[in-house]
Amino acid sequence: MDERLAYRVLTGPDDRAFCERVSAALAEGYELHGAPALTFDGQRVIVAQALVLRREGEWR
């Protein structure tokens, strides 16, 4: 089943792998929803980014 969610939040360390996951979601038709949230866990920066699925015919 390949049903995409209308809303997703990606989280992880602020690294290339995280950026690749966000880039892949954008290529699949998602759009960024708001600014990313950042925190520091004592060793690294952790980021969260909300995404919403672009709907056909919808203007943003």
Side-chain angles (χ1 to χ4, degrees):
M1 185 175 213
D2 188 31
E3 186 174 328
R4 295 181 293 168
L5 299 172
Y7 175 84
R8 310 170 52 177
V9 176
L10 298 179
T11 61
D14 187 17
D15 59 12
R16 181 180 179 91
F18 179 80
C19 293
E20 288 173 350
R21 290 172 53 213
V22 173
S23 294
L26 295 173
E28 293 171 5
Y30 284 89
E31 295 180 343
L32 301 177
H33 184 70
L38 302 164
T39 191
F40 184 68
D41 72 359
Q43 296 180 337
R44 59 193 177 171
V45 174
I46 305 297
V47 64
Q49 177 64 61
L51 300 123
V52 293
L53 188 58
R54 188 179 322 120
R55 302 286 183 185
E56 288 298 320
E58 201 175 273
W59 293 89
R60 290 192 185 258

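Remember, it's a predicted structure, so these values are computed and weren't measured experimentally. Start at 1 with the first residue, then count along the sequence. Any value given below was found using the heavy atoms of this structure, including those in side chains, with hydrogens, waters and symmetry copies removed.
Scanning both residues, Arg54 and Tyr30, for their nearest heavy atoms gives NH2-O, 3.9 Å.
Annotation: salt bridge (charged side-chain N to carboxylate O under 4.0 Å, His left out) contacts of Arg8 (sequence neighbours excluded): Glu28.
Rounding to the nearest 0.5 angstrom, the gap separating the CG atom in Leu32 from the CG atom in Leu10 is 10.0 Å. Distance check, rounded to the nearest 0.5 Å: CG of Leu51 to CZ of Arg4 gives 12.0 Å.
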Which pairs of donor and acceptor atoms, one on a side chain in residues 42-50, lie under 3.5 Å apart (sequence neighbours left out)?
{"residue": "Arg44", "atom": "NE", "partner": "Asp41", "partner atom": "OD2", "Å": "3.3"}
{"residue": "Gln49", "atom": "NE2", "partner": "Gly34", "partner atom": "O", "Å": "3.1"}

